[in-house]
Amino acid sequence: YAMEIKNPNHEIAEVFYRLNIGALVEDKLIAKAFGLILTNPNVKARDAQLGALLTGLMVRGPSVREVVTLIRTALNIDGVTRYKPILPPGERLVGVAGSGKKGCKTFNISTPACLIASAAGAYIAKTGSSATSSVSGSKDFMSAVGAKILNPNEMIEVLLSTKFGFFPIEEMVPKFDAVYGGKTFGPTPLSFALPAVVNPIACDAVLYGLSHPNVPLALNIFVELGYENVMIVSSSHDKVHYIDELSTLEHNLIGKIDGGNVGKVEELSVASITLRPPSVPEDLRQGDSLIENVQLTLKVLQGKSQGPCEDTVALNAAGILVMAGKETVLADGFNRSIETIRTGAGLRKLEEFIEATGGNKKALSTIMGG
């Protein structure tokens, strides 16, 4: 293989050959193959090759270096510009993102959690996208309730005035998304960090949801990428189907990077915080349509969904409050989040955000039945 090969499909095939016989695949070969799949017009069966590469690495078990190589290759195609908003003294900006690709489909959890945590005092920059395999993603939710999706500079002004900003992933890496977006329905190597990494806002801390049990791998990837303060969460009812949030399901994993140091991943006893027995996926299920799914989320913000849905949103809001330095333990953050929901402050935060983006609050009142 010393001679130069001009055909991109032959170069890609070298990676598959090595994967299939269990041989070492050097980082430069992975970067080359991935870059060709994403950009070269002469690549045949692009979707099949993309899926085979990502799935092959997942089945074998990706290394930290391999995932970091894939992420850096994806970022190099578009180039991501980062902005650093100037917050008031003592405040920490928390980036919130999730891997998506959930093993069981739920209503929108992270978006209302951000609104609750923001109403409780945290500054938050959330990345999100349209749905790939669910009824609605966070971007779909925002559009449905009447918020405008602004460019990063305009959204930073909204963030500084409301303590909450929303940044769509697709618009940060359009060339990459044109090839990758909407093509994969289960976790890939990119799921371990990419949605947080493409946040155009430089954050002081990150809460990242992962729909996969290998939280230690994700922690080490974030460290390799230079992140110093990260909380990674994942939960499941059966240790097979994972969602990218804390939840009232029986099994919850949580791992932290504190000052660049990786801590042990722990199984969190959520029942000791919520004081309720674990729930089942049906309790957190998504709606049958976009509108119904949005209404399920709004019911939580209205304080009309007490039980597993409200508790799940409050658990994730608690994680944000801990990363923002507003609380020191999840239990206190959970109780504060429940109180915030019950006062209606989360719904008011959504109304404030819609207005600040120049959106249409009539869409929100209509979808709530007003």
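The first residue in the sequence is number 1, and the count goes up from there.
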Asks: Any side-chain donor-acceptor pair under 3.5 Å between Asn9 and Gln49?
Replies: yes

Asks: Between Arg285 and Glu292, does any NZ, NE, NH1 or NH2 come within less than 4.0 Å of an OD or OE carboxylate oxygen?
Replies: yes

Asks: Under 3.5 Å, is there a donor-acceptor pair between the side chain of Arg46 and the main chain of Ile37?
Replies: yes

Asks: Under a 3.5 Å distance rule, please check whether Arg18 uses its side chain to pair with a backbone N or O of Leu24 as donor and acceptor.
Replies: yes

Asks: Salt bridge or not between Glu352 and Lys349? Use side-chain N to carboxylate O under 4.0 Å.
Replies: yes

Asks: With the side chain counted from C-beta on, respond yes when Thr274 and Phe334 share a heavy-atom pair under 4.5 Å apart, and no when they do not.
Replies: yes

Asks: What do you reckon, is NZ of Lys304 surrounded by more than 12 foreign heavy atoms closer than 6.0 Å?
Replies: no

Asks: Of Ser191, Ser234, Ser211, which is the lone residue that meets side chain to side chain donor-acceptor pair (under 3.5 Å) with Ser99?
Replies: Ser211

Asks: Checking the side chain of Ser235 only, and the main-chain atoms of Glu245 only, is there a donor and an acceptor separated by less than 3.5 Å?
Replies: yes

Asks: State whether the side chain of Ser118 and the backbone N or O of Cys114 hold a donor-acceptor pair below 3.5 Å, judged by distance alone.
Replies: no

Asks: Taking side chain as C-beta onward, heavy atoms only, is Lys101 less than 4.5 Å from His212?
Replies: no

Asks: Is it true that, when you exclude Glu154 itself, more than 12 heavy atoms of the residues, nucleotides or ligands shown sit nearer than 6.0 Å to its CD?
Replies: yes

Asks: Check the pair Ser143, Lys139 against side chain to side chain donor-acceptor pair (under 3.5 Å), reporting the backbone distance first and the verdict last.
Replies: CA-CA 6 Å; Ser143 297; Lys139 184 179 177 184; over 6 Å; no

Asks: Decide, yes or no, whether a salt bridge links Asp27 with Lys32 under the criterion of side-chain N to carboxylate O below 4.0 Å.
Replies: no

Asks: I'd like to check Phe222 versus Glu228 (side-chain heavy atoms, cut-off strictly below 4.5 Å). Are they in contact?
Replies: no

Asks: Would you say the side chain of Ser138 lies within less than 4.5 Å of the side chain of Lys126, judging by non-hydrogen atoms?
Replies: yes

Asks: Check this for me, if you would: do Arg65 and Glu224 make a salt bridge, where the nitrogen-to-carboxylate-oxygen distance has to be below 4.0 angstrom?
Replies: yes

Asks: Taking atom CG of Asn214 and atom CD1 of Ile232, what is their separation to the nearest 0.5 Å?
Replies: 10.0 Å

Asks: Suppose the criterion is side chain to side chain donor-acceptor pair (under 3.5 Å): which pairs have a residue in residues 250-262, not counting sequence neighbours?
Replies: His251-Glu267

Asks: If you measure from the Lys or Arg side-chain nitrogens to the Asp or Glu carboxylate oxygens, is any gap between Lys361 and Glu351 under 4.0 Å?
Replies: no

Asks: Using a distance-only test with no angle check, is there a side-chain donor-acceptor pair under 3.5 angstrom linking Asn335 and Ser337?
Replies: no

